[in-house]
Number of protein chains: 2
Amino acid sequence: MQLKPIKPSKISDAISEQLKELIRSGTLKPGDRLPSERELVDQLGVSRPSVREALLKLEARGMVTSRQGGGTYVADVLAPSIVNPLADLLRDNPDAISDVLECRHGLEELAASYAALRATADDRELIQEKFHALADANAARDLERAATADAAFHMAIAEASHNFALVHITRSLFDLLSTQMLSNWERLMMNPKTCEEIHDQHQYIFEAIVSGDPDMARNAAHTHLSYIGRSLRGLGEPDAGDRRRAALGD
Amino acid sequence: MQLKPIKPSKISDAISEQLKELIRSGTLKPGDRLPSERELVDQLGVSRPSVREALLKLEARGMVTSRQGGGTYVADVLAPSIVNPLADLLRDNPDAISDVLECRHGLEELAASYAALRATADDRELIQEKFHALADANAARDLERAATADAAFHMAIAEASHNFALVHITRSLFDLLSTQMLSNWERLMMNPKTCEEIHDQHQYIFEAIVSGDPDMARNAAHTHLSYIGRSLRGLGEPDAGDRRRAALGD
DNA sequence: AGTGATAAAATGGTCCGACCATTATATGGA
DNA sequence: TCCATATAATGGTCGGACCATTTTATCACT
């Protein structure tokens, strides 16, 4: 007969649970640095051994990593189980990049639709901020900054979906494709017309999310991503997707 | 370039490795009580915090259990030596589970749509086979076999999308939820009417893919998965709907 | 101004000693 | 023998201290 565990009353468990929730909710993202042990002691009002036990437990579970003198950092829990095998796959089979792109696009449509449903005021503000940053970078013809801003814009949308799995997987795929993306981005942005259309599509996505219409957001994302896909496939043929087709989707 | 792990050389690691070896070799059998922390301090010539760290690490891995005043004992079941941090994050966290489910559903819609476009004759035959196996298991009221068959059916669809990344991520999410899904499945299938409706939905998905209509396939998948989501939420805690209810009630 | 070495601060790792809460064991009386 | 109590053993928590490493700030030098 298996009875209840009864005892969650260890201080370190309470601490580690709290930290785990911060990681799950996305407040602490992979790569982020945790407060130092002594700061946590002050903030939580517990002793350092208790804090250490909590961090030890998280480290044993592979959720954080600690370096003496450095600090404690949030580990990426998705990478080992999902992305690493994908990275291996990509190494052996570069053609699979289009598969990953396809996958990412599906996730982004999903994220856009959920973001429209669940984005808080703060989320919308953040998305708007990223959108404007992207527009500025584009206007300044700063390709590298624009690529970063584009990733930040799409990640902000993913975070606004308030779905931790979606956020983590999207981020992982972004990281996975980051190198490839820059060159693609450069090739895309060489055409001012394409650049402008992409900006408009971003604006449609942004407006759809702000207006809270999940279907519109999903369609806007789909339009944008299928346009990107078509443009990448038809490189050297800037007129491959004209504005009317992009607006109507395919 | 991946360098060597250098040297952890943490005292607690050396201790925990030594204890782990004792357990692995059978010197310490499940249920055995290991020496008290203070005894280990004397025997190993290290400080008590180091011993505690080592024991904490073993406890986090589930290899030993400690009771205040009682002592530390080798766990009865030491099978799960490897721990998936993600699975740990999901345990006792319904929100996280529904996040992963949501994510999986989005991917499955995508897979259904692509499967409709790209499925070969062999793919369609395989999907049909899995579909019938699932129907048989359901008719036989064999819940465990039905759960396996359901996974096989959806995985066959993912494979038919001919997208490596989609297949891989879908499989990862399936594995992640495998433990949780069985109980969910049991709760769903207790209702014959629900069981029948799910069968019909599977059939719609199957037919849409065979007919080669991506939009129909996507819609069929969406209908199916939102129905599953609604049913699970309705079976569980009615008060847990909050933000998710709007997302699924479309 | 840029650069590189050096000093200072921050941070995790280790250790000590103490006390508390819980459990197991020994003790003693019925 | 049996049960309640007292005692001992054990893990849990705490505070402080010091060390090793890393990061950051400082400053002299070119």
Side-chain angles (χ1 to χ4, degrees), chain A residues 3-20 22-23 28-76, chain B residues 3-20 22-23 28-76 78 85:
Chain A
L3 272 301
K4 56 206 167 182
I6 302 184
K7 298 277 300 179
S9 57
K10 281 179 60 174
I11 295 183
S12 59
D13 283 337
I15 301 175
S16 62
E17 282 301 321
Q18 201 168 332
L19 291 176
K20 227 189 302 187
L22 287 179
I23 295 177
L28 287 174
K29 303 183 231 312
D32 281 0
R33 179 178 183 172
L34 298 175
S36 72
E37 297 181 354
R38 293 166 179 83
E39 281 183 46
L40 289 174
V41 166
D42 292 338
Q43 294 181 20
L44 297 171
V46 296
S47 70
R48 194 170 159 215
S50 295
V51 170
R52 264 189 82 71
E53 275 194 19
L55 294 178
L56 256 298
K57 182 167 298 186
L58 292 182
E59 189 174 17
R61 282 173 154 68
M63 301 181 64
V64 303
T65 59
S66 296
R67 294 198 322 273
Q68 184 174 179
T72 304
Y73 294 82
V74 179
D76 191 343
Chain B
L3 274 300
K4 53 199 170 186
I6 307 180
K7 256 303 182 181
S9 74
K10 280 177 59 175
I11 295 182
S12 58
D13 283 336
I15 301 174
S16 63
E17 282 303 321
Q18 200 168 331
L19 291 176
K20 221 187 302 184
L22 287 179
I23 295 177
L28 287 174
K29 287 178 278 292
D32 281 359
R33 175 180 182 171
L34 28 100
S36 72
E37 296 180 355
R38 292 168 179 83
E39 282 182 44
L40 289 174
V41 167
D42 292 339
Q43 293 181 20
L44 297 170
V46 297
S47 70
R48 193 170 160 216
S50 295
V51 170
R52 270 188 74 74
E53 274 194 20
L55 294 179
L56 256 301
K57 182 167 296 188
L58 293 182
E59 190 174 15
R61 281 181 150 71
M63 302 182 66
V64 302
T65 59
S66 298
R67 294 197 322 274
Q68 183 173 188
T72 304
Y73 295 83
V74 179
D76 295 331
L78 53 151

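Residue numbers begin at 1 in each chain, while the letters A, B, ... track the order of the sequences. Here the structure is a predicted model, which means the values were calculated and not measured.
- If you measure from atom CD1 of B:Ile15 to atom P of C:dT14, you get 9 Å, rounded to the nearest angstrom.
- The side-chain hydrogen bond (donor to acceptor under 3.5 Å, both in side chains) search around B:Glu37 returns B:Arg48, B:Arg52, not counting sequence neighbours.
- Between B:Val64 and B:Leu28, the closest side-chain pair of non-hydrogen atoms is not below 4.5 Å.
- Counting to the nearest Å, the P atom of C:dG12 and the NZ atom of A:Lys57 are 19 Å from each other.
- For the side chain to side chain contact (heavy atoms under 4.5 Å, CB included) test, residues two or more places apart in sequence or in another chain that qualify with B:Gln18 are B:Leu44.
- Residue order along DNA chain D, read from the 5' end via each residue's closest nucleotide, puts A:Glu53 first among A:Glu53 and A:Tyr73.
- OP1 and OP2 of D:dT10 both lie 4.0 Å or more from every side-chain N or O belonging to B:Thr72.
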Next item on the list: Using a 4.0 Å cut-off on protein heavy atoms (strictly under), produce a 5'-to-3' string for nucleotides 15-20 of chain D with B for base contact, S for backbone-only sugar-phosphate contact, and - for none.
Entry: S-BB-B

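- Between the CZ atom of B:Arg33 and the C1' atom of C:dA24 there is a distance of 8 Å, rounded to whole Å.
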Next item on the list: Any chance you could lay out the side-chain hydrogen bond (donor to acceptor under 3.5 Å, both in side chains) test for A:Thr72 and A:Ser66, step after step, and finish with the verdict?
Entry: CA-CA 4 Å; A:Thr72 304; A:Ser66 296; 3.1 Å; yes

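- Atom CG of A:Leu58 sits about 9.5 Å away from atom OG of A:Ser12, to the nearest 0.5 Å.
- Close to D:dG11, at under 4.0 Å from its OP1 or OP2, lies no side-chain N or O of B:Arg52.
- Distance check: B:Lys57 NZ to B:Lys20 NZ gives 8.0 Å after rounding to the nearest 0.5 Å.
- Rounded to whole Å, atom C1' of C:dT22 lies 14 Å from atom CD of B:Glu37.
- Within 4.0 Å of B:Arg67, counting heavy atoms only, lie sugar-phosphate atoms of the nucleic acid but no base atom.
- When the side-chain nitrogen and oxygen atoms of B:Ser50 are compared with OP1 and OP2 of C:dC15, one or more of them lie within a distance under 4.0 Å.
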